[in-house]
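Working notes, structure below.
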Amino acid sequence: MIGTIGLFGSALKASAGEAMAGPANDTQFNQLISGGLFKETFVTSSRVGGASTYELGLLRPDQSVVQSGEYNWVNGQAVDFSLEYDGTNAVYKVGNITMNGAFNGGATDLFLRTRAADKTTSLFSNLTFQDATGTMTPLNLASTGAGGSDTDYLRIGKVQGAFKLSGKTTLSWTGARPSNSNLIAQIKVGTSKSTPEPATLGALALVVGSAMTSGRSKTIGMKRRQRN
């Protein structure tokens, strides 16, 4: 039986770095945290900011700033970014700005978040993700505010080991320049509570069912011998 479980575990090992459907909004994301299903390790932030607020930030889960930077976003201009994390040290680069921070926590999931207020657009594009098992190219993520704000999420799950996410961030607006977090692109890094894959559950059910059948057969055989 032990050998059988090992066989299934090897055959059904989940691949790393999978793009998944994210929460539909901030409420659903916060429910993941309050329900103990996801724990943030750190957060990156890129926003237009304002005269008295930062544009780039490397933040703790409580939103306190580890390091911040000023960046003069140009309306509609795609800017290269990258985020690397090895389980302790995070390096976040946007354009010619580099921020570093040390954190205590692993990374099994990344939640990319875009938010756009009225007449603005926040876009992650040209994404490439690498971890210990390989490389993948997630789809673009964009929020466009029309008559109100719009928030969207993309989840990259099953991360294994150190990772690097790179791509482009584009912040666009019509009319007055936005400020604070009305136009923002974030990456929320942390660990999720693992749940068995459906295929794994099926395999375990098969193993348990086989064991139960074997047990019943042995019991029936003993009863028959007792009768004899």
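For the single chain, residues carry numbers from 1 onward in sequence order.
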Considering only heavy atoms from C-beta outward, does the side chain of [X] approach that of [Y] to under 4.5 Å?
X: Thr135; Y: Thr128; answer: yes
X: Leu141; Y: Leu112; answer: yes
X: Phe29; Y: Lys188; answer: yes
X: Val94; Y: Val79; answer: yes
X: Tyr85; Y: Leu110; answer: no
X: Phe38; Y: Thr191; answer: no
X: Asp86; Y: Phe163; answer: no
X: Leu123; Y: Asn140; answer: yes

Could you grab the distance from atom [atom1] of [X] to atom [atom2] of [Y], nearest 0.5 Å is fine?
X: Tyr92; Y: Leu83; atom1: OH; atom2: CG; value: 7.5 Å
X: Ser45; Y: Glu55; atom1: OG; atom2: CD; value: 10.0 Å
X: Gln160; Y: Thr133; atom1: CD; atom2: OG1; value: 5.0 Å
X: Lys164; Y: Asp131; atom1: NZ; atom2: CG; value: 13.5 Å

Study note, to complete from the structure: Only residue of Val159, Leu32, Asp109 satisfying side chain to side chain contact (heavy atoms under 4.5 Å, CB included) with Ser192 is Asp109
Review point. Only one of Ile187, Asn126, Ile97, Thr44 clears side chain to side chain contact (heavy atoms under 4.5 Å, CB included) with Phe81; which?
Key: Ile187
**Study point:** Pair Ser143-Asp152, side-chain donor/acceptor within less than 3.5 Å
**Key:** yes
Closest approach of [X] to [Y] (non-hydrogen atoms, all atoms of both residues):
X: Val43; Y: Glu40; answer: CG2-OE2, 3.8 Å
X: Ala185; Y: Ser122; answer: CB-OG, 3.7 Å
X: Arg155; Y: Ala21; answer: CB-O, 4.3 Å
X: Ser46; Y: Leu171; answer: O-CD1, 4.3 Å
X: Glu70; Y: Thr53; answer: OE1-O, 3.8 Å
X: Gly101; Y: Leu58; answer: N-CD2, 3.4 Å

Review point. Does Asp150 come within less than 4.0 Å of Arg115, counting only side-chain N to carboxylate O?
Key: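 No, Asp150 and Arg115 are not salt-bridged.
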**Study point:** Carboxylate-amine/guanidinium proximity below 4.0 Å for Asp26 and Arg113
**Key:**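 Answer for the salt bridge query: yes.
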Are the side chain of [X] and the backbone of [Y] linked by a donor-acceptor contact shorter than 3.5 Å?
X: Thr169; Y: Phe124; answer: no
X: Ser64; Y: Arg60; answer: no
X: Asp80; Y: Lys168; answer: no
X: Asn182; Y: Ser179; answer: yes

**Study point:** Heavy atoms from other residues, nucleotides or ligands near NZ of Lys93 exceed 12 (cutoff 6.0 Å)
**Key:** no
**Study point:** Over 12 non-hydrogen atoms of neighbours within 6.0 angstrom of CG in Asn104
**Key:** no
Point to revise | Arg47 to Tyr54, cation-pi by 6.0 Å centre distance and 45° axis angle | key: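 Yes, Arg47 sits over the ring of Tyr54.
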Do [X] and [Y] share a hydrophobic cluster, counting only Ile, Leu, Val, Met, Phe, Trp and Tyr and linking them when any side-chain heavy atoms are less than 4.5 Å apart?
X: Val48; Y: Ile184; result: no
X: Val66; Y: Phe42; result: yes
X: Leu59; Y: Leu183; result: no

Point to revise | Intermediate values then yes/no, side-chain contact (heavy atoms from CB on, under 4.5 Å), Thr170 and Gln77 | key: CA-CA 6 Å; Thr170 307; Gln77 184 180 85; over 6 Å; no
Exercise for review: Please state whether the rings of Phe111 and Tyr153 are parallel, tilted or perpendicular, taking 30° and 60° as the class boundaries.
Suggested key: perpendicular
